[in-house]
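One structure below.
Throughout, a chain's letter reflects where its sequence line sits, starting with A, and its residues are numbered from 1. Just so it is clear, the model here is predicted, and its values are computed rather than measured.
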There are 2 protein chains.
Amino acid sequence: MNLKQLSELLHLSQTTVSRALNGYPEVSEATRKRVQAAAQAHGYAPNMRARSLATGRAMSIGHVIPVSSKHEMVNPVFADFIAGAGETYSRNGYDMVLSVVSDDGEEAAYRAFKMKGSVDGIIVHAPRLGDPRIHLLNEIGLPFVVHGRASDAQEPYAWVDVNNTHAFERATRFLLDLGHRRIALVNGLETMDFAIRRRHGFEAALAERGLSADLALISSDEMTEAYGHDTARALLARPDPPTAFLVSSMITAIGVRRAIEELGLVMGRDVSVITHDDELSYFRNGGDTRLYTATRSSVREAGKRSAEMLLDMIHNQTGPQELLLEAELTLGQSTGPTSKET
Amino acid sequence: MNLKQLSELLHLSQTTVSRALNGYPEVSEATRKRVQAAAQAHGYAPNMRARSLATGRAMSIGHVIPVSSKHEMVNPVFADFIAGAGETYSRNGYDMVLSVVSDDGEEAAYRAFKMKGSVDGIIVHAPRLGDPRIHLLNEIGLPFVVHGRASDAQEPYAWVDVNNTHAFERATRFLLDLGHRRIALVNGLETMDFAIRRRHGFEAALAERGLSADLALISSDEMTEAYGHDTARALLARPDPPTAFLVSSMITAIGVRRAIEELGLVMGRDVSVITHDDELSYFRNGGDTRLYTATRSSVREAGKRSAEMLLDMIHNQTGPQELLLEAELTLGQSTGPTSKET
DNA sequence: AGAAGTGCCCAAAGCGCTTTGGATACCAAA
DNA sequence: TTTGGTATCCAAAGCGCTTTGGGCACTTCT
């Protein structure tokens, strides 16, 4: 059923039917009702491609999902981010189109979005330091929102981010207050902007107390479970093992915990752990009692906010907006004062 | 830059330019080269919406991602599934469009895909027993591939699935061979087809040995970490605790392990655990030595295969195909013979 | 009574592409 | 020389929608 057929069926022009359905005022309420009823009855919905062609709006938002060529890994937070964003899209009649792309093909993917005219805006995931994408997108001229930031970007751009620096600063202070001095940072890949900020926060808190970070206790890699395990295992085998771990992801923290327990130690008593918690739906931090002390910020909420910001930019032609979300420091069982040893 | 502009620039007709770019033979190699060069130089790519309107093919595949209204959970395997499928799509010039939808809005989402004409085919996720979607989609008339099966479907449909029954049958036998008799099944939601099959496999293996499943040892829910933990915790507190757990997801298995260790027990020695491993990229089963004994099957591979099947069906108008993938039983450190007690 | 709205509807152009059905030129075959 | 074939190109229709620019019949105002 297309517009033409529907209009013939109703003995009306396509114009009128189209207007009736799209809520234009130049049509009487009586016929509007009639048209809507008929559309409903015959299951008519405008062909999006035709409509898009006519209006110039694609009514869809593009996400470029990078797949790490190293671990063939797709960041697990995407699922939740997308759930948050997707909800907003569908509420506003937008579709979400995903382009899964390995590290190298990224630029082409963004250009393709523009050239093929298949989206009205783009969400940029996982910005890196010196990320060329924000310049690229400004040049391309498609509205976009970055989930995260690119600290050294020269141009204005819209972003939604968690205050990573502050979060890890507070977490570090918290550990320091508990008496910890040898704190390991099990960070994400430090080509990623968020990881750099977390490290800065970590270092800033140490500096505040006149301490400086022990490079041997800092590691950086893709945040798998195995990475957490192997790193913690190695660090705990040192002559002067860390008494606390600051971990960049819940999944990695699982691995850290595994290493701790393999050594017969107890997390929260012998070794403290604070992790960042994205509130992934399948990984809620414990049940009633939280397992991990964590810097918490819902990535799903970030997805929702990013989508809203982008749609707002598209509809109101507004310039780049910025939104900084604060992470909560939530107490769990994974932290405690240092044991008596020195 | 659009076709018209490009053709004027080349002093050719739109027809010729279009044909040159699309590889039709009615154009000399010389002009084809010239056209391709110009297209490249000016960054021309055909507008997908216009092309789709003209050809009737949307060049994109729809995925409906259900979000559990209960846990607001989006299944973590989607990310990897989509990574696998997405690669295949982009290699074939297809886009992937996602529709995130809560349990109730599903039917509308599929209908919308058809009516709006925005996709050429659909991948159906997480089929349930008595899933109305396969009938719906057959009625709608869009090619589709189900990731999983709906055991009681009355009509033919295309699917890609893991042999869940067989996998859990083997896993159960393996535990039985190790001497385990009180085996707990920590299953996924048994409205899901895969969970039902796994349970059948579990029960079949028990029946083979003249045993029958103890209902008290069987649980079923959405596969979060907390669910694994709480369930195992409760079961292990029984007067006759299970000596082994058969778990439906790696994430849930993490929770089971946590419960085991909280009680001062050691997984693999005091309590055995087998889990299903989807080979999620960020959750590779241990490093060199596998942590869990597992029934393993890559969900990413399943995504790839599903996408290939769907594209094949679309291009060659072939009827529904079927693909059953076998899961490997991989040995890890999480299983061992029963302890001496009874 | 005539002018000026106003409410309701329509014909047709146009979005950017593909594809049908020629047109033209050239060459080999009859 | 005529015919038929082949290689190369083009004009125009059409995909299904929105939107411009009226048209027509009533009211309402002067």
Q.
I need the residues from residues 52-62 of chain B with at least one non-hydrogen atom less than 4.0 Å from DNA chain D; give them sorted by number, or say none.
A.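 Heavy-atom contacts with DNA chain D come from B:Leu53, B:Ala54.
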Q | DNA chain D contacts among residues 5-14 of chain A, heavy-atom distance under 4.0 Å | A |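 Within residues 5-14 of chain A, the residues near DNA chain D are A:Gln14.
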Q | Qualifying salt bridge (Lys or Arg N to Asp or Glu O under 4.0 Å) pairs, either residue in residues 138-148 of chain B, two or more places apart | A |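 Counting only pairs at least two positions apart or across chains, the salt bridge (Lys or Arg N to Asp or Glu O under 4.0 Å) contacts touching residues 138-148 of chain B are B:Arg111-B:Glu139.
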(Q) Under the salt bridge (Lys or Arg N to Asp or Glu O under 4.0 Å) definition, can you give me all pairs with a residue in residues 143-152 of chain A, not counting sequence neighbours? (A)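 Listed by first then second residue: A:Arg149-A:Asp161.
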Q: Scan residues 119-128 of chain B for pairs that pass side-chain hydrogen bond (donor to acceptor under 3.5 Å, both in side chains), counting only residues two or more places apart or in two chains.
A: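 Applying side-chain hydrogen bond (donor to acceptor under 3.5 Å, both in side chains) to every pair that reaches into residues 119-128 of chain B, excluding sequence neighbours, yields B:His63-B:His125, B:Glu106-B:Arg128.
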**Q.** Test salt bridge (charged side-chain N to carboxylate O under 4.0 Å, His left out) applied to A:Lys304 - qualifying residues, sequence neighbours left out
**A.**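 Salt bridge (charged side-chain N to carboxylate O under 4.0 Å, His left out) check on A:Lys304 returns A:Glu308.
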**Q.** For B:Lys4, salt bridge (charged side-chain N to carboxylate O under 4.0 Å, His left out) partners two or more places apart
**A.**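 For B:Lys4, no residue satisfies salt bridge (charged side-chain N to carboxylate O under 4.0 Å, His left out) once neighbours in sequence are set aside.
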Modelled atom types, side-chain donor and acceptor of [X] and [Y], under 3.5 Å:
X	Y	result
B:Thr318	B:Gln321	yes
B:Asn138	B:Arg133	no
B:His135	B:Glu155	yes

Q: Check whether any side-chain heavy atom of A:Phe81 sits under 4.5 Å from a side-chain heavy atom of A:Arg300, and report yes or no.
A: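 A side-chain contact under 4.5 Å is absent here.
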Q | salt_bridge(B:Arg305, B:Glu301) N-O dist < 4.0 Å | A |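 Judged by the 4.0 Å cut-off on N to carboxylate O distance, B:Arg305 and B:Glu301 do form a salt bridge.
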Q.
Determine whether a donor-acceptor pair (N or O, by modelled atom type, separation under 3.5 Å) exists between the side chain of A:Asn22 and the backbone of A:Ser18.
A.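 It does hold such a pair.
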Q. Where the side chain of B:Tyr157 meets the backbone of B:Ala150, is there a donor-acceptor pair that is under 3.5 Å apart?
A.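 Yes, B:Tyr157 side chain to B:Ala150 backbone: donor-acceptor pair under 3.5 Å.
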(Q) So, does B:Thr15 get its side chain near the phosphate of D:dC9, meaning an N or O under 4.0 Å from OP1 or OP2? (A)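 Answer is no, no contact under 4.0 Å.
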Q: Specify the residues of residues 17-31 of chain A, ordered by number, for which at least one heavy atom lies under 4.0 angstrom from an atom of DNA chain C.
A: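 Close to the strand are A:Arg19, A:Glu26, A:Val27, A:Ser28, A:Thr31.
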Let me have the donor-acceptor pairs involving side chains of residues 92-99 of chain B, under 3.5 Å, with sequence neighbours excluded, atom names and distances please.
{"unit_1": "B:Asn92", "atom_1": "ND2", "unit_2": "B:Thr88", "atom_2": "O", "d": "2.7"}
{"unit_1": "B:Tyr94", "atom_1": "OH", "unit_2": "B:His315", "atom_2": "NE2", "d": "2.9"}

**Q.** End axis versus end axis in the helix from C:dA1-D:dT30 to C:dA30-D:dT1, the angle rounded to 10°, five pairs used at each terminus
**A.**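 The two end axes of the helix from C:dA1-D:dT30 to C:dA30-D:dT1 meet at 60°.
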**Q.** Spacing of B:Leu3 atom CG relative to D:dA11 atom C1', expressed in whole Å
**A.**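 That distance rounds to 14 Å.
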Q: Using side-chain hydrogen bond (donor to acceptor under 3.5 Å, both in side chains) as the criterion, list what pairs up with A:Glu8, not counting sequence neighbours.
A: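 If we apply the side-chain hydrogen bond (donor to acceptor under 3.5 Å, both in side chains) test to A:Glu8, skipping adjacent residues, there are no hits.
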Q. Can you check side chain to side chain contact (heavy atoms under 4.5 Å, CB included) on B:Asp278 and B:Asp80, steps first, answer last?
A. CA-CA 9 Å; B:Asp278 293 298; B:Asp80 271 77; over 6 Å; no
(Q) For a 4.0 angstrom threshold against heavy atoms of chain A, report the outermost contacting nucleotides of DNA chain C in 5' to 3' order. (A)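 Terminal contacting nucleotides, 5' to 3': C:dC8 to C:dG16.
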